[in-house]
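Data first, discussion second: the structure below is written as structure tokens.
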Amino acid sequence: TESKRRHVRNNYKKKTMRKNYFIFFCLLFFFQLFGQDCNNKLAENKTDRISGNKILKSAFMSFKVNFSSNSTISFELKDRELKLISTSTLENINNQNNTLIFHFDNSETLKIKFDENYKSETINKQKVYFNETKINYDNLKVFSKQKLMKVELVENNEEIIVKEKFSNNIIEYTKCFFDNVDKEKDLGK
């Protein structure tokens, strides 16, 4: 009878182990299939050797693309400050004192005003205008949690309706960036 009990216990252990392995591999497969891979969504993720501060850059995310013009945003963490970087092939979007108003699907809006004049660079034989401004952690959180619906170019009296695929990319890429920012360790003095 003791050998039968041992045999039953061993069979129970084997079944439990098989079940646990099956659950583990299903979870692993699920996370690999549906998990977020941030390697392609971050342009840079490193620590400055001298200061010990994190340097983080998101990839550029388009909110307008057509034959005549392209506009993108990206985010940067450097020297313990968060910045939104705006690029456009149109010169008049990123001028000093220009304001972009981002409208999200929960009716929230964020106003971004450029304090300095743009910088320009020629990329693939086309002039691209860059400007950046500081943002706070809560603004970044909105971009990572809420879907961007439209961008209002105040000085140009223009509204850009953001296509669904661009909006999905922006929230996905920004979430990767946001998840890599530790508010306590990476920001502030």
Would you check if there is a donor-acceptor pair between the side chains of [Y] and [X] at a distance under 3.5 Å?
X: Gln126; Y: Asn124; answer: no
X: Ser88; Y: Asn94; answer: no
X: Thr87; Y: Thr72; answer: yes

With a 4.0 Å cut-off, would you call Glu164 and Lys147 a salt bridge?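 A salt bridge links Glu164 with Lys147.
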Are any of the side-chain nitrogens in Glu44 or Lys46 under 4.0 Å away from the carboxylate oxygens of its partner?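 Salt bridge: yes.
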Judged by atom type as modelled, is there a donor-acceptor pair below 3.5 Å linking the side chain of [X] to the main-chain atoms of [Y]?
X: Asn106; Y: Glu108; result: yes
X: Thr89; Y: Asn70; result: yes
X: Asn131; Y: Glu116; result: yes
X: Asp48; Y: Ile50; result: yes
X: Asp186; Y: Asp182; result: yes
X: Gln146; Y: Asp105; result: no
X: Asn95; Y: Asn98; result: no

Just how far is it from atom CG of Asp179 to atom CG of Leu56, taken to the nearest 0.5 Å?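 With rounding to 0.5 Å, CG (Asp179) is 10.5 Å from CG (Leu56).
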Take Val151 and Leu153 through the test side chain to side chain contact (heavy atoms under 4.5 Å, CB included) and record every step on the way to the result. CA-CA 6 Å; Val151 179; Leu153 312 172; 4.1 Å; yes
State yes or no: are the ring centers of Tyr118 and Tyr129 separated by less than 6.0 Å?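 Yes: the rings meet the under 6.0 Å criterion.
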Are Phe143 and Phe178, when compared by the centres of their aromatic rings, separated by less than 6.0 Å?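 For Phe143 and Phe178, the ring centres are not under 6.0 Å apart.
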Going by heavy atoms in the side chains, are [X] and [Y] under 4.5 Å from each other?
X: Phe75; Y: Leu82; value: no
X: Asn169; Y: Met61; value: no
X: Leu42; Y: Asn180; value: yes

With the 4.5 Å side-chain cut-off for hydrophobic clustering, are [X] and [Y] part of the same group?
X: Phe177; Y: Tyr137; answer: yes
X: Ile161; Y: Ile101; answer: no
X: Ile160; Y: Leu110; answer: yes

Of Tyr173, Phe102, Phe60, which meets side-chain contact (heavy atoms from CB on, under 4.5 Å) against Ile73?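 Answer after filtering Tyr173, Phe102, Phe60: Phe102.
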Tell me, yes or no, whether the heavy-atom count around Lys141 atom NZ, taken from other residues, nucleotides or ligands under 6.0 Å, exceeds 12.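 Counting other residues, nucleotides and ligands, NZ of Lys141 stays at 12 neighbours or fewer.
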